[in-house]
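These notes are about the structure you will find just below.
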Amino acid sequence: MNKLLIHNNNTSFNRTELFSIEEQFVFDVDFDKDVDLYINENLDNGDLKKKLENVDIIFIKVSLSQNYLEYLGIRLSYHIRLTKSLGAKSLIPIVFIAEESIQFLGLTYSEPSILFTGGIYLIKEKLENYTKVLELFAEGKIKSLDNFSHFIESIFVSPPANYQSHHSIANEWALFRYFSMFKKDEKNVKYIALNKKILQLDYVKTLYFKYLERKVSRQNFNPKKHIYTPSLSAVQQKTIGIIDDEINKGWMAFYDYFFDGSAAKTYYFNDFRKEENRENQIIRIQNWLTDNIKANNAIDMYIIDLRLHDDDFSEVDFDKISGVQIIKYIKCKNPGIQIVVSTASNKVWNFQKCLRLGVSHFAIKESPETYNSREESIFSLNHLSKEITKASNKTFVAEVYRKISTLKSENIFISDSDNKNIQELVFEKNGLLDQILNLLIIDSNSDSIINQCLLLCFQILENYCDLSTISSFGNDNRSGSRLSSGFVWLKSNEKKDIFINQPNQKISTWFELKEGKFDIQNENTNETPTSFEVFPEMKIVSAYHSGLDASSMVKMISVLYFRDNISKIKIERIMELRYYRSNVAAHLTGKVKSNQKISSNDIVFFIELFFFMFKLDKS
């Protein structure tokens, strides 16, 4: 029989006739160091692990420190039972040596549950008690723990009260748990770096972590369902800013691996200073944000934790929480910038308040007290991916905001008193451009919102084309024709005739509408103007009627092509969108195939068109 005595030079059992020197381990923790870390080091690869390798039974003095009531021997026994690397040795009999009764220990020790589990025994420090235990062990009456599942359900370990904060525990637990869901990728340097970072975490060496980890390790594992491989193709070429106070504790390595292969670029604010007050920290983050928001290659989206400073955990005013102040700052600079709130907080009111700030993407980090199943952990990772993807798909809104802001301050109508109405209608606060932006911020995927944006885009375009300083078109009803005749003002301020009505329903023109059918049209619909042919010089053609408002169409083409130098391809795209506007967005006529939809890309197309047409040329 191989035995081991663990003591603090406070037992008479360490006499050589009872235990040889090789059969003893002196528990000599430096109290400037965390006890759990000391135990963990010795069980991982220290002297205690070496001695346990050939041991059949362990004797532990309940008191292992100068503080008699700390009962570190009981805490050590938890570690032995819960340390996976010990294998079967974690189950061998443990005999406590104490003067107290088991009832007294149960009442005075904060976590006594292990005392009432299998494989645990208690004796008073007497030679005859020691001898009796050895006899009973030889008879097979002192037994190892034989039902670990029952054991893990019978004990309870509290979170470490002195471990920084619950926030830190949740963050590090989530990090470990997510990593355990990843498929092994040991040829990937970022996977290796993440694994190394996790092994360096102090938290994974705590008793509380071991307890949780052994609990969840009992969950069924199905390789087909419980392996997660990061795949975020939607963020290709995106720049992602990450602000998390736990970034240097493994989350930077996590995101480096998470985005590996996506062709996304990640930027981290990682200068968190332990003793810095919250106000100064926020200012430094804001300065970092300002530099990135103003940069030519501005960050497309941010992943932000709500609580970035220790003061946030006692803060009762939501608006003063550091992450909230950072969100407000970003949204003030550009409300189109997308933010994913990734936090260990699961309080509903936090998300409701974030929604009012313009944040619509949330990912809750897994927390130990939720005791997630493997399916729930995979769901959590998938949800993070989906929220990042959704945010990525809306990053265009930030660029829309930048273009609209430029147009509001630098458009061609600013100093033109003759066109004050369009300046107010389109460019002022709450004007048509602001309305488009606000709708896209609400939901850039909703068909009804995109249709409303399209109506506003055409309202801007049609108001522009109707300006007397842009063009002049009128109807000639003398011959019954409804075709427009008129001219446009070129940007050089020269007048250019586009149509000149001739007798006998003839018209002298620079271009002619061509009819056909758009791909979006139903088969039973009539032909409509789908294109136009520009002549090298004015040409006389026959006038004709069209079911579509041709006079409005020719005015638009005339202004865009001859005044603003918009390409024929882009104008033809506008013609198709105009058909969609008239037959879907404004009225459901049934002339467009039911599976045909427009998207936010079409609204971006118009914003870029307006930026080209309306931006004041400072050169």
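Below, each value reflects all heavy atoms present in this structure, side chains not excepted, and no hydrogens, waters or symmetry copies.
With N277 contributing its side chain and N280 its backbone, the two residues share a donor-acceptor pair below 3.5 Å. No side-chain donor-acceptor contact under 3.5 Å links S392 to the backbone of I388. For H383 (side chain) and F362 (main-chain N/O), a donor-acceptor pair under 3.5 Å exists by modelled atom type. Looking at K51, its side chain never comes within 3.5 Å of a backbone N or O of E23 through a donor-acceptor pair. A donor-acceptor pair is defined here as one N or O able to donate and one able to accept, closer than 3.5 Å; no such pair exists between the side chain of E246 and the backbone of E172. A donor-acceptor pair under 3.5 Å links the side-chain atoms of E376 to the main chain of S373, judged by distance alone. Put simply, the side chain of S262 never gets that close to the backbone of V235: no donor and acceptor are under 3.5 Å apart. A distance-only check finds a donor-acceptor pair linking the side chain of E125 to the backbone of S12 [under 3.5 Å]. For N8 (side chain) and S63 (main-chain N/O), no donor-acceptor pair under 3.5 Å exists by modelled atom type. Remark: side-chain polar atoms of Y78 are paired, donor with acceptor, to backbone N or O of I114 under 3.5 angstrom.
A heavy-atom distance below 4.5 Å is not found between the side chains of F272 and D244. By the 4.5 Å heavy-atom criterion applied to side chains, L289 and K333 are not counted as neighbours. A 4.5 Å side-chain heavy-atom check between K353 and R356 finds at least one atom pair inside the cut-off. Taking 4.5 Å as the limit, some side-chain heavy atom of L82 sits within range of a side-chain heavy atom of I155. Under the 4.5 Å side-chain criterion, counting only non-hydrogen atoms from C-beta, H79 is not in contact with L48. Between L357 and I339, every side-chain heavy-atom pair lies at or beyond the 4.5 Å cut-off. Side-chain contact between I58 and L52 is present, with heavy atoms from C-beta onward closer than 4.5 Å. Proximity of V26 to H7: side-chain heavy atoms (C-beta onward) are separated by under 4.5 Å at one or more points.
Residue I326 holds its CD1 atom at 4.5 Å from CD1 of I285, rounded to the nearest 0.5 Å. Distance CG/D260 to OG/S231: 11.5 Å, rounded to 0.5 Å. Rounding to the nearest 0.5 angstrom, the gap separating the CD atom in Q325 from the CG atom in D319 is 8.0 Å. Between H309 atom NE2 and E279 atom CD the span is 8.0 Å, to the nearest 0.5 Å. Atom CD in E111 sits 10.5 Å away from atom OH in Y208 (nearest 0.5 Å). Annotation: the span from E213 atom CD to T206 atom OG1 amounts to 11.0 Å, rounded to 0.5 Å.
The shortest non-hydrogen separation linking K394 to S444 is CG-OG, 3.2 Å. Taking both residues in full, the closest heavy atoms of F116 and G106 are given as CZ-CA, 4.4 Å, listed atom of the first, atom of the second, then distance. Between L122 and A98, the shortest heavy-atom distance links the atoms CD1-CB, 3.8 Å. Across all their heavy atoms, K365 and S342 have their closest contact at CE-OG, 3.5 Å. Taking each heavy atom of R278 and I321 in turn, the nearest pair found is NH1-CA, 4.4 Å. Of all the heavy atoms in V35 and L72, the pair that sits closest is CG1-CD2, 4.2 Å.
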Can F269 and Y302 be said to form a side-chain contact (heavy atoms from CB on, under 4.5 Å), step by step? CA-CA 11 Å; F269 180 85; Y302 290 88; over 6 Å; no
Let's go through R177 and E366 carefully: what are the C-alpha distance in whole Å and the side-chain angles of both, what is the deciding distance for salt bridge (charged side-chain N to carboxylate O under 4.0 Å, His left out) to 0.1 Å, and is it a yes or a no? CA-CA 8 Å; R177 181 67 165 168; E366 184 171 331; 3.2 Å; yes
Please walk me through it: do F179 and F176 pass ring-ring contact (aromatic ring centres under 6.0 Å, His included)? CA-CA 5 Å; F179 179 76; F176 169 82; 7.9 Å; no
Between E315 and R307, is the salt bridge (charged side-chain N to carboxylate O under 4.0 Å, His left out) condition met? List the steps. CA-CA 10 Å; E315 183 59 69; R307 291 179 171 84; over 6 Å; no
Run the numbers on N445 and N393 for side-chain contact (heavy atoms from CB on, under 4.5 Å), then give the verdict. CA-CA 9 Å; N445 292 315; N393 290 335; 5.7 Å; no
Salt bridge (charged side-chain N to carboxylate O under 4.0 Å, His left out), that's the test. Do K183 and D185 meet it? Break it down for me. CA-CA 6 Å; K183 182 178 180 181; D185 195 4; over 6 Å; no
Test log, rule side-chain contact (heavy atoms from CB on, under 4.5 Å), inputs Y329 and I282: CA-CA 10 Å; Y329 185 82; I282 290 171; over 6 Å; no
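None of Y178, Y228, W251, Y191 except one satisfies the ring-ring contact (aromatic ring centres under 6.0 Å, His included) rule with Y257; the exception is Y191. When F96, Y130, F13, F25 are each tested for a ring-ring contact (aromatic ring centres under 6.0 Å, His included) with F59, only one passes: Y130. None of I39, N9, I74, L76 except one satisfies the side-chain contact (heavy atoms from CB on, under 4.5 Å) rule with L64; the exception is L76.
In this model, no donor atom of one side chain and acceptor atom of the other lie less than 3.5 Å apart for S110 and Y71. Counted by atom type alone, K210 and T83 present one or more donor-acceptor pairs between their side chains at under 3.5 Å.
Between D36 and R75 there is a salt bridge, since a side-chain N of the basic residue sits under 4.0 Å from a carboxylate O of the acidic one. Electrostatic pairing of E387 and K390 counts as a salt bridge here, judged by a charged N lying under 4.0 Å from a carboxylate O. Residues D256 and K197 are not paired through a salt bridge, judged by the lack of any N-O separation under 4.0 Å between the basic side chain and the carboxylate.
K3 forms a cation-pi arrangement with F19, by the criterion of a distance under 6.0 Å to the ring centre and an angle within 45° of the ring axis.
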Pairs of donor and acceptor atoms involving the side chains of residues 137-146, under 3.5 Å and at least two apart or interchain, shall be tabulated with distances.
none

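The environment of CZ in F379 is sparse: at most 12 heavy-atom neighbours from other residues, nucleotides or ligands sit within 6.0 Å. By the 6.0 Å contact criterion, NZ on K265 is open, its count of non-hydrogen atoms from other residues, nucleotides or ligands being 12 or less.
Note: F258 and F254 have parallel aromatic rings, judged against thresholds of 30 and 60 degrees for the angle between ring planes.
Not counting sequence neighbours, Q236 has no partner by the side-chain hydrogen bond (donor to acceptor under 3.5 Å, both in side chains) test. Every residue two or more places apart in sequence or in another chain that forms a side-chain hydrogen bond (donor to acceptor under 3.5 Å, both in side chains) with T239 is listed here: D300.
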